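Here is the structure we will look at, set down as structure tokens.
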Protein chains: 2
Amino acid sequence: MTGQVRTVDGRVAGRRGQATRQKLLDCLSEMLSSSPYRDVKVIDVARKAGTSPATFYQYFPDVEGAVLEIAEQMATEGAALTELLEGRSWAGKAGWQTAQELVDGFLEFWRKNDAILRVVDLGAAEGDKRFYKLRMKILNSVNNSLADAVAELQAKGRVDKDVNPAAVAGSLVAMLAAVASHQKGFTSWGVKQAELKPNLALLVHLGVTGRKPTR
Amino acid sequence: MTGQVRTVDGRVAGRRGQATRQKLLDCLSEMLSSSPYRDVKVIDVARKAGTSPATFYQYFPDVEGAVLEIAEQMATEGAALTELLEGRSWAGKAGWQTAQELVDGFLEFWRKNDAILRVVDLGAAEGDKRFYKLRMKILNSVNNSLADAVAELQAKGRVDKDVNPAAVAGSLVAMLAAVASHQKGFTSWGVKQAELKPNLALLVHLGVTGRKPTR
DNA sequence: ACTTGTCCTGTCATGACGTCAGCTTACCGA
DNA sequence: TCGGTAAGCTGACGTCATGACAGGACAAGT
């Protein structure tokens with residue numbers, strides 16, 4: 001699928017090369033977690049990886065390019081998010097369960113990858129198509145499943161016809177992502193982590209089904 | 001309130017100085033709209049303003065500092081968002097109207113200031129307290145109003161008791177902000193601008209009142 | 001004209017960026 | 001075993017941004 005890993009100047013990377021490359025990616029990941037995106041320098045990443053800046057430029061055109069690589073890896077892992085909604089029901093108690101587990105899984109995924117997701121979000125907001133496609137790739141699984149669920153309920157007449165499933169699903173996913181990014185902001189608003197989740201689940205359930213959940 | 005405008009080395013700025021300072025801020029604002037945050041350099045801002053980097057550093061410690069200044073100005077303008085909810089009703093047709101106007105006003109505000117808000121969002125997500133307080137300041141007016149509305153309905157028994165008004169309000173506001181930031185993303189998901197707004201309004205109404213709006 | 005305080009810039013040391021040639025290492029076929 | 005070849009890494013270099021300073025330009029009051 002991914003063909004061969006290549007250096008910037010076209011050589012194919014061997015075992016050793018791939019290891020260095022990966023080490024650089026790992027170090028970059030760490031740096032992104034510990035310092036502002038704007039302050040992450042190639043030289044620091046290289047130093048941390050025990051190599052030189054020139055080596056970095058062998059494998060990546062720039063910091064952005066390396067970030068895209070990390071995000072790509074994460075995006076494939078993110079496909080697992082689909083399972084949170086695969087074959088779930090939105091009716092009755094099961095629906096409440098579905099909403100809760102979606103929120104749980106989503107927040108957990110975001111928490112794990114928050115540093116890189118921040119950067120992806122920024123790139124996407126800035127209009128960079130590469131980041132923006134990546135963001136879609138990550139959110140698509142959840143988004144499509146949600147849209148399908150809404151469309152299905154709509155077909156049964158349980159949701160108004162003038163609702164746009166894609167718009168509602170997209171908005172809910174955006175909400176989950178945003179809340180996950182700013183979780184800490186809530187605590188200083190007097191909302192605790194534990195309280196946040198059920199309320200989010202409630203909103204998701206309301207959005208999808210148009211009704212309060214039966215617990 | 002803001003006392004006197006001062007340079008980094010403590011002198012008070014006169015008429016001319018304030019003009020240059022403001023010009024630098026304006027140019028920075030423009031640069032943020034046209035190029036990625038990471039690539040905005042002091043030297044470019046200074047050139048655009050027809051001055052030198054040294055002058056920039058007279059008024060701001062660094063790019064981040066200047067951004068904070070711009071954001072601060074925007075935050076005071078953002079207080080106008082309160083009017084979107086001041087004394088509005090969430091009952092019946094009026095409720096639907098309220099939700100629609102909130103969405104409209106919010107998206108408009110975000111669209112106008114998207115470049116700077118992107119940076120504030122990033123800073124807040126990265127855990128920088130200054131950005132993070134600023135973000136609260138901007139969103140507080142809307143958030144508090146929404147929370148009050150929910151709490152009021154809750155007191156009347158029209159919203160479940162185990163709902164946390166602050167959590168719901170915060171989540172809804174986060175949703176609005178996120179959707180506004182990624183408006184373009186929706187179009188490529190096959191959702192048009194015009195369709196987005198009513199669906200957002202629907203979600204807001206559902207979240208606040210727990211019920212579908214009567215149109 | 002002269003002083004005073006504000007305002008701007010030339011200049012400099014420092015350090016990051018990004019490129020290149022060239023050295024070292026590993027692999028492989030004869 | 002021994003080159004040959006390609007992979008892998010780095011020192012060194014020109015370029016550019018950063019951030020600090022001292023001193024020149026300018027406006028205002030005396």
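Order of the sequence lines fixes the chain letters, A, B, ..., with proteins taken first and strands second; residue numbering starts at 1 for each chain. The model shown is predicted, which means the values in this text are computed figures rather than measured ones.
Judged by distance alone, the side chains of B:Gln22 and B:Asp26 do bring a donor and an acceptor atom under 3.5 Å apart. Inspection of the B:Gln73 and B:Glu77 side chains reveals no N or O donor paired with an N or O acceptor under 3.5 Å. With 3.5 Å as the limit, one finds a donor-acceptor pair spanning the side chains of A:Tyr132 and B:Ser188.
The nearest whole Å value for the distance from the CG atom in A:Asp39 to the C1' atom in C:dA16 is 13 Å. Taking atom OH of residue A:Tyr59 and atom P of nucleotide D:dA7, one finds them 10 Å apart after rounding to whole Å. Separating the CD atom of B:Gln58 from the C1' atom of D:dG24 is a distance of 13 Å, rounded to the nearest angstrom. With rounding to whole Å, A:Asp9 atom CG is found 14 Å from C:dG22 atom C1'. We find that CZ of A:Arg11 is positioned 15 Å from P of C:dA26, with the value rounded to whole Å. When the P atom of D:dT18 is taken as reference, atom CZ of B:Arg38 falls 13 Å away, rounded to whole Å.
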Check the pair A:Arg111, A:Glu108 against salt bridge (charged side-chain N to carboxylate O under 4.0 Å, His left out), reporting the backbone distance first and the verdict last. CA-CA 5 Å; A:Arg111 205 188 49 69; A:Glu108 176 60 16; 3.1 Å; yes

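Ring geometry for B:Trp189 versus B:Phe186: interplanar angle over 60°, hence perpendicular rather than tilted (30 to 60°).
Within the cation-pi definition used here (under 6.0 Å to the ring centroid, within 45° of the axis), B:Arg38 qualifies as a partner of A:Tyr37.
For A:Gln18, the CD atom sits in a packed shell: over 12 heavy atoms of surrounding residues, nucleotides or ligands are nearer than 6.0 Å. Summarising the local packing, NZ of A:Lys137 is surrounded by more than 12 heavy atoms from other residues, nucleotides or ligands at distances under 6.0 Å.
Near DNA chain D, defined here as any heavy-atom distance below 4.0 Å, the residues from residues 41-57 of chain A are A:Thr51, A:Ser52, A:Ala54, A:Thr55, listed numerically. Heavy-atom distances under 4.0 Å link DNA chain C to no residue of residues 19-30 of chain A.
In this structure, A:Arg15 reaches the C:dC27 phosphate: one of its side-chain N or O atoms is under 4.0 Å from OP1 or OP2.
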